[in-house]
Amino acid sequence: MLDATPPAGFVEKTPLERYVAPLKPSLVGLSRGELADLLGGIGVPAGQRKMRVQQLWHWLYVRGAREFDEMTSVSKELRATLAAHFTLARPTVVAEQVSVDGTRKWLLELPGEHEGEKPHQVETVYIPDDGRGTLCVSSQVGCTLTCSFCHTGTQRLVRNLTAGEIVGQVLLARDRLGDWQAGLPAEKDGDPVGRLVTNIVMMGMGEPLYNFEAVRDALLVVADGDGIAISRRRITLSTSGVVPNIARTGAEIGVSLAISLHAVRDELRDVLVPLNRKYKIAELMQACRDYPGLSNARRMTFEYVMLKDVNDSLADARALVKLLKGIPAKINLIPFNPWPGSTYECSDWEQIEKFSEYVFNAGYSSPVRTPRGRDILAACGQLKSATEKLSARERMALRAMAMTE
Ligand code: SAH
Ligand code: SF4
């Protein structure tokens with residue numbers, strides 16, 4: 001039994017002494033409306049809020065401010081009040097790896113949801129390529145879906161990321177890369193002009209369309225022309241096929257879409273991507289055809305993981321071409337990245353080339369990228385004890401690399 005008698009000399013603390021101030025929330029990732037409400041809460045008069053929000057937006061997303069004190073156009077007094085209530089914090093980086101080819105990986109720690117819970121970990125990967133740079137961003141810790149070739153699918157969902165944690169991945173990548181050259185736009189006349197992070201792919205951990213609101217809110221912040229200003233065309237959201245949210249993505253976010261197809265027959269896709277049992281290929285393809293804004297200049301990407309003797313025959317390639325008929329599409333062939341315990345093998349290189357040639361001859365661009373950042377992937381083991389998600393991270397980097405075409 002526990003002895004409830006306090007030890008000698010013990011002086012009980014008053015409620016005030018016991019009070020621990022709550023953690024200050026970060027302003028990163030909030031909408032303009034949410035920022036205005038918070039400013040109202042700390043006494044900024046209604047007539048000033050719009051202008052103050054515009055200032056905060058500029059400092060956060062154009063200048064990359066990490067401290068309120070950097071915001072020299074904001075009065076000292078307001079800066080102090082802001083700092084007393086809020087932060088500009090991004091997710092915490094626990095490890096960073098830099099490849100000889102410039103690829104970078106950050107292992108991030110996010111707070112657990114309950115007090116005393118261990119922090120969660122996700123990764124963000126940056127891949128520079130020929131004047132542009134693609135950032136691969138995570139939307140969830142783990143995933144509720146159970147695609148049979150995907151390591152994330154073996155982990156139970158831990159939690160959704162908040163909009164702030166999603167935008168935070170973009171900010172911290174730009175912090176680490178020194179990508180805040182004041183005033184430099186992400187592109188001019190459609191081409192990158194010196195910024196390092198020019199493209200975003202939602203292809204990290206998680207199914208973005210099962211965290212729709214946070215992903216939407218975050219991507220609207222990233223695409224905002226007065227802030228980070230990465231245009232919607234340069235943002236690609238990858239989904240395993242959450243059909244009802246595909247139309248919403250078009251209407252409410254308007255970014256480019258990538259579909260993780262991986263199989264052309266329902267019997268096989270039911271096994272590889274079990275969500276197919278709910279939303280069949282025909283229904284998925286209809287949602288793709290209905291996606292707004294598709295043209296030859298703005299194509300939908302179809303991802304296809306190459307699994308030896310499972311989905312890599314020329315008959316599959318033929319069926320794939322037939323299935324995509326009429327959709328402005330590009331096909332992204334991803335070499336399968338094995339993980340401990342996975343039951344699949346990556347297709348032979350010659351088979352990938354034959355498959356790729358077939359779809360290319362049918363008129364589709366079908367990049368198969370030579371994996372990059374190999375040296376840092378090899379060094380991943382050093383992070384393993386911290387995260388035990390080595391293969392998930394490797395896979396994430398690989399597929400992000402495949403997307404940089
Ligand atoms: N959940 C979303 C986005 C994250 S997965 C989706 O499924 O689309 C991003 C891409 O990586 C998907 O096309 C996914 O099928 C693919 N992928 C997952 N595991 C893989 C592996 N082991 N090897 C190669 N690609 C993989
Ligand atoms: Fe989830 Fe995508 Fe992996 Fe499927 S492939 S389990 S949807 S992360």
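When reading the values below, keep in mind they use all heavy atoms of this one structure, side chains included, and skip hydrogens, waters and symmetry mates. In this text, all values refer to a predicted model and were calculated from it rather than measured experimentally. Every number for a ligand or one of its atoms is a count from 1 in the order of the listing.
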Margin query: Show me which atoms of ligand 1 lie under 4.0 Å from any heavy atom of Thr239.
Written below: 6 (C), 8 (O)
Notebook entry, point to check: If you round to the nearest 0.5 Å, how far is CD of Glu96 from CH2 of Trp106?
Noted result: 6.0 Å
Note to self: Closer than 4.0 angstrom, basic N to acidic O: yes or no for Glu213 and Arg248?
What the structure shows: yes
Item checked: Test item: side-chain donor near acceptor, Glu303 and Ser238, under 3.5 Å -> yes
Notebook entry, point to check: Between Asn337 and ligand 1, which part of the residue brings a heavy atom under 4.0 Å of the ligand: side chain, backbone, both or neither?
Noted result: both
Notebook entry, point to check: Using heavy atoms and a threshold below 4.0 Å, how should the contact between Cys147 and ligand 2 be classified: side chain, backbone, both, or neither?
Noted result: both
Next item on the list: Look at the side chain of Arg90 and the backbone N and O of Gly168, then say whether any donor-acceptor pair between them is shorter than 3.5 Å.
Entry: no
Next item on the list: List the atom of Asn311, the atom of Leu307, and the distance in Å for their closest heavy-atom pair.
Entry: OD1-N, 3.0 Å
Checklist line | Atom indices of ligand 1 within 4.0 angstrom of Ser240 heavy atoms, with elements | finding: 6 (C), 7 (O), 8 (O)
Notebook entry, point to check: Should the pair Lys278-Glu283 be classified as a salt bridge under the 4.0 Å nitrogen-to-oxygen rule?
Noted result: no
Next item on the list: Establish, from distance only, whether the side-chain atoms of Glu207 and Ser139 form a donor-acceptor pair under 3.5 Å.
Entry: no
Notebook entry, point to check: Does any N/O atom on Phe149 come nearer than 3.5 Å to any N/O atom on ligand 1?
Noted result: yes
Next item on the list: Take atom CD of Glu67 as the centre, draw a 6.0 Å sphere, and report whether it contains more than 12 heavy atoms from other residues, nucleotides or ligands.
Entry: no
Notebook entry, point to check: Would Trp59 and Ser73 count as having a side-chain donor-acceptor pair, cut-off 3.5 Å?
Noted result: yes
Checklist line | contact_flag Gly206 ligand 1 heavy-atom lt 4.0 Å | finding: yes
Checklist line | Ser240 neighbourhood, listing ligand 2 atoms whose heavy-atom distance to it stays under 4.0 Å | finding: 7 (S)
Item checked: Pair Tyr364-Phe302, ring pair (Phe, Tyr, Trp, His ring centres under 6.0 Å): steps then yes or no -> CA-CA 11 Å; Tyr364 292 99; Phe302 288 86; 8.7 Å; no
Note to self: If you take the nearest heavy atom of each of Thr154, Leu209, Leu145, which one is closest to atom 6 (S) of ligand 2?
What the structure shows: Leu145
Next item on the list: Classify the contact between Glu303 and ligand 1 as side chain, backbone, both or neither, using a heavy-atom distance cut-off of under 4.0 Å.
Entry: side chain
Margin query: So, regarding Ser238 and ligand 1 (criterion: nitrogen or oxygen to nitrogen or oxygen, under 3.5 Å), is there a contact or not?
Written below: yes
Notebook entry, point to check: Are Asp266 and Arg277 within salt-bridge range, i.e. N to O under 4.0 Å?
Noted result: no
Checklist line | Per-atom contacts of ligand 1 with Gly204, taking only distances under 4.0 Å to non-hydrogen atoms | finding: 4 (C)
Notebook entry, point to check: Can you find a non-hydrogen atom of Ser139 under 4.0 Å from ligand 1?
Noted result: no
Notebook entry, point to check: Does even one non-hydrogen atom of His262 get within less than 4.0 Å of ligand 1?
Noted result: yes
Check: If hydrogens are left out, which of Ser260, Ser138, Pro208 has an atom nearest to atom 13 (O) of ligand 1, that is, the closest non-hydrogen atom?
Finding: Ser260
Note to self: Strictly under 2.8 Å, is atom 3 (Fe) of ligand 2 approached by any N, O or S atom of Cys150?
What the structure shows: yes
Note to self: Need the ligand 1 atom indices (1-based, order shown) with element for anything under 4.0 Å from a heavy-atom of Cys150.
What the structure shows: 18 (C), 19 (N)
Next item on the list: Considering the heavy atoms of Gly153, write down every atom of ligand 2 situated less than 4.0 Å from one of them.
Entry: 6 (S)
Check: Heavy-atom distance under 4.5 Å between the side chains of Val305 and Leu272, does that happen here?
Finding: no
Margin query: Salt bridge check, Arg265 against Asp270: does any charged N sit closer than 4.0 Å to a carboxylate O?
Written below: no
Check: So, does Gly153 sit close enough to ligand 1 that a heavy atom of it is under 4.0 Å from the ligand?
Finding: no
Next item on the list: Just jot down the ligand 1 atoms closer than 4.0 angstrom to any heavy atom of Pro335, in number order.
Entry: 24 (C)
Notebook entry, point to check: Which ligand 2 atoms, with their elements, are less than 4.0 angstrom from a heavy-atom of Cys143?
Noted result: 1 (Fe), 6 (S), 7 (S), 8 (S)
Item checked: Residue Ile334 vicinity, atoms of ligand 1 by number, heavy atom under 4.0 Å -> 24 (C), 25 (N)
